[in-house]
There are 2 protein chains.
Amino acid sequence: MSKCEQCIVRELSSLKALTRDELLKVSSCKTSHIIKKGEIIFEEGENVNGIYCIKDGVCKLTKLSGNGKDHIVKLVTKGELLGQRSMISEEPVNLSAVALEDMEVCFIPKTEVMRFFDKNNQFSMNVMKTICGDLKEADDHMVNLAQKTVKERLAETLLYLNDTFGKNEDNSLKVQLSRDELASIIGTATESCIRLLSEFKKLDLIELNGKKIILKDVNKLKKISE
Amino acid sequence: MSKCEQCIVRELSSLKALTRDELLKVSSCKTSHIIKKGEIIFEEGENVNGIYCIKDGVCKLTKLSGNGKDHIVKLVTKGELLGQRSMISEEPVNLSAVALEDMEVCFIPKTEVMRFFDKNNQFSMNVMKTICGDLKEADDHMVNLAQKTVKERLAETLLYLNDTFGKNEDNSLKVQLSRDELASIIGTATESCIRLLSEFKKLDLIELNGKKIILKDVNKLKKISE
DNA sequence: ACTAAAATATGACAATTATCATATTAAAAA
DNA sequence: TTTTTAATATGATAATTGTCATATTTTAGT
């Protein structure tokens, strides 16, 4: 079992506030997991008795809507924590987490985390700030969904993927989403998403190579996204 | 100046965790304000150095979108706190707060509140839970905006207003919104909102009397909202 | 009370987006 | 490899929603 003291993630998440002693405790009670692409970490409605720390990989947080379709609420990646909201609210998780690529995660039981909340003020504050950041992001996202067209939202999402997760050596977006998943982020029908991607391709704004997407004209995409 | 120890609001918000001594402190440093309908409490981008405690009235939290239109992100009412996220994140507020009716609010300076964060764990926990609740709500709202039709969203919003803020003696919704504001909650053009209200009226689901809206068939509205 | 301004309402039309049908291509399984 | 299945792509069309014009009603200001 790998040690938290040496884990790179420790520097990224709220966990960076933990002391050496506290980290040793986490090390001894955490469990490590390899999660394959497509596998479910947890599902909406489940009781998750702790938090997941993402050591590597990206996952999507989805919520089932009334019409039976999944909506992708957020993408979460290396260095971030999952399940904080649910743990604090003492409620089942309201979102499902599914791996978009192979992942490495550690699970830290609630009992341990709650102890840090009591003892380590800086840790509490970090978690709070993270959740506040999520809330702000959610507000922004909400306004975009309410006020922007599908085309604007697609352009914006492509830029977001580029800025947040970067690109491979061949310049294609690192996070590979299916058309269906892309549609479920921007909130539209899969066909509409595909059609707009084709349009962007014709306008030479992007290049499509199977699932790979290469942004060719970031400035024009920015203009479209407004 | 009225005293916090006797204020009804004290039982509602996160402040209920405060001790008698802490409440006395708040009493002595808070400032009370009467805010008239339509007046601004704070504006997006401002630095608000503390939190507002709503003693009476309802306000809207709005965010300006790219196209210059305001989107109503949330309605906040008696017993709730404003400006918590901004205070914790140590950032300017990301939303504007505008009174929908005459309001009574108290302002508690940040320095005081931060002291409670350090000393009173239950208070921190309450604030955290509130923010987590807001985040969950935001997730739900996001999915609705992305997946539901305008008609479904209108029905849902009417039911929400009814359930959350109740009705007057004449059965009309207590919170009176202009058509424009209603449209800006559900994320549509004012004309579309008006048109759908007319449609609901023709179907005998609601009654319209100027700004007053009376829900006549809650069950059918529920079915429409899905 | 009267005038001006704003909010509500409705029609006509255009633009956007969804749905259904059907190729085509890519990926997975036999 | 071959077959089967799933994902991507595109056309045709319908439904939804937005925009502009304009009338009517309500509200606010003098």
Side-chain angles (χ1 to χ4, degrees), chain A residues 36-38 65-71 100-101 144-158 172-173 176-203 206-214 224-226, chain B residues 36-39 65-72 100-101 144-158 172-173 176-203 206-214 224-226:
Chain A
K36 293 267 171 200
K37 177 177 173 170
S65 76
N67 59 35
K69 276 206 267 182
D70 265 329
H71 180 77
L100 288 175
E101 41 188 65
N144 283 339
L145 283 169
Q147 308 269 4
K148 287 190 177 176
T149 65
V150 174
K151 192 186 289 184
E152 289 166 354
R153 265 140 55 199
L154 174 59
E156 190 177 44
T157 302
L158 292 175
S172 64
L173 295 179
Q176 277 194 22
L177 299 167
S178 68
R179 304 292 189 262
D180 195 53
E181 286 169 328
L182 198 49
S184 133
I185 291 181
I186 65 184
T188 191
T190 309
E191 296 95 323
S192 299
C193 175
I194 291 173
R195 231 180 283 276
L196 286 170
L197 281 174
S198 301
E199 193 186 320
F200 282 2
K201 185 183 169 185
K202 262 182 206 138
L203 293 169
I206 62 173
E207 206 180 304
L208 297 174
N209 243 309
K211 254 193 187 49
K212 284 183 186 299
I213 300 176
I214 298 177
I224 289 175
S225 79
E226 275 186 10
Chain B
K36 293 267 171 200
K37 177 175 174 171
E39 282 181 2
S65 77
N67 59 35
K69 276 206 268 181
D70 266 330
H71 180 78
I72 297 182
L100 288 175
E101 42 188 64
N144 283 339
L145 283 169
Q147 308 269 6
K148 288 190 177 177
T149 64
V150 174
K151 192 185 288 186
E152 289 165 354
R153 265 141 55 200
L154 174 59
E156 190 178 43
T157 302
L158 292 175
S172 64
L173 296 179
Q176 277 194 23
L177 299 167
S178 68
R179 304 292 188 261
D180 194 53
E181 285 169 330
L182 197 49
S184 134
I185 291 181
I186 65 184
T188 190
T190 310
E191 295 95 325
S192 299
C193 175
I194 290 173
R195 230 180 284 276
L196 286 170
L197 281 174
S198 300
E199 194 185 319
F200 283 2
K201 184 182 169 184
K202 262 182 206 140
L203 293 170
I206 62 173
E207 206 180 304
L208 296 174
N209 243 309
K211 253 192 187 50
K212 284 184 186 298
I213 299 175
I214 298 177
I224 289 175
S225 79
E226 274 187 9

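Order of the sequence lines fixes the chain letters, A, B, ..., with proteins taken first and strands second; residue numbering starts at 1 for each chain. The analysis underlying the following values was restricted to heavy atoms, covering all of them including side chains, and did not include hydrogens, waters or symmetry mates.
The side chain of K211(A) places no N or O atom within less than 4.0 Å of a non-bridging phosphate oxygen (OP1 or OP2) of dA7(D). Here S198(A) reaches the OP1 or OP2 of dT10(D): one of its side-chain N or O atoms lies under 4.0 Å away.
Interatomic distance, CG of L145(B) versus CD1 of I185(B), reported as 11.0 Å (0.5 Å rounding). In this structure, L173(A) CG and T157(A) OG1 are separated by 11.0 Å, a value rounded to the nearest 0.5 Å. With rounding to the nearest 0.5 Å, the separation of OG in S172(B) from CD in E207(B) is 10.0 Å. In this structure, CD on E181(A) lies 10.5 Å from OG1 on T190(A), to the nearest 0.5 angstrom. Distance check, rounded to the nearest 0.5 Å: CD of E191(A) to CZ of R179(A) gives 13.0 Å.
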Applying side chain to side chain donor-acceptor pair (under 3.5 Å) to S178(A) and D180(A), what does each step give before you reach the verdict?
CA-CA 5 Å; S178(A) 68; D180(A) 195 53; 5.0 Å; no
Run the side chain to side chain contact (heavy atoms under 4.5 Å, CB included) test on L208(B) and I213(B) for me, step by step, so that the C-alpha distance in whole Å, both residues' side-chain angles and the decisive distance to 0.1 Å come before the verdict.
CA-CA 5 Å; L208(B) 296 174; I213(B) 299 175; 3.8 Å; yes
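Spacing between atom CD of E181(A) and atom P of dA7(D) amounts to 10 Å, rounded to whole angstrom units. The distance from atom CG of L154(A) to atom P of dT16(C) is 15 Å, rounded to the nearest whole Å. If you take CG of L182(B) and P of dA9(C), they are 11 Å apart, rounded to a whole angstrom. Spacing between atom NZ of K202(B) and atom C1' of dG11(C) amounts to 11 Å, rounded to whole angstrom units. Counting to the nearest Å, the P atom of dA27(C) and the CG atom of D180(A) are 16 Å from each other. For the pair N209(B) CG and dT26(D) C1', the computed distance is 13 Å after rounding to whole Å. The nearest whole Å value for the distance from the CD atom in E152(A) to the P atom in dT17(D) is 17 Å. Protein atom CG of L197(A) is 10 Å distant from nucleotide atom C1' of dT8(D), rounded to whole Å.
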Give the B/S/- string for nucleotides 17-25 of chain C, one per nucleotide from 5' to 3', where a protein heavy atom under 4.0 Å of the base yields B, of only the sugar-phosphate yields S, and otherwise -.
SBBB-----
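Taking the screw axis at each terminus of the helix from dA1(C)-dT30(D) to dA30(C)-dT1(D) from five consecutive base pairs, the angle between the two is 50° to within rounding of 10 degrees.
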Report all side-chain donor-acceptor pairs from residues 146-156 of chain B shorter than 3.5 Å, counting only partners two or more places apart or in another chain.
| residue | atom | partner | partner atom | Å |
| --- | --- | --- | --- | --- |
| K148(B) | NZ | E156(B) | OE2 | 3.2 |
| K148(B) | NZ | S225(B) | O | 3.0 |
| T149(B) | OG1 | E152(B) | N | 3.2 |
| K151(B) | NZ | E199(B) | OE2 | 3.0 |
| E152(B) | OE1 | T149(B) | N | 3.0 |
| R153(B) | NE | I186(B) | O | 2.9 |
| R153(B) | NH1 | K148(B) | O | 2.9 |
| R153(B) | NH2 | I186(B) | O | 2.7 |
| R153(B) | NH2 | G187(B) | O | 2.9 |
| E156(B) | OE1 | N144(B) | ND2 | 3.1 |
| E156(B) | OE2 | N144(B) | ND2 | 3.1 |

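Residues L182(B) and L197(B) have side chains in contact (heavy-atom distance under 4.5 Å, counting atoms from C-beta outward).
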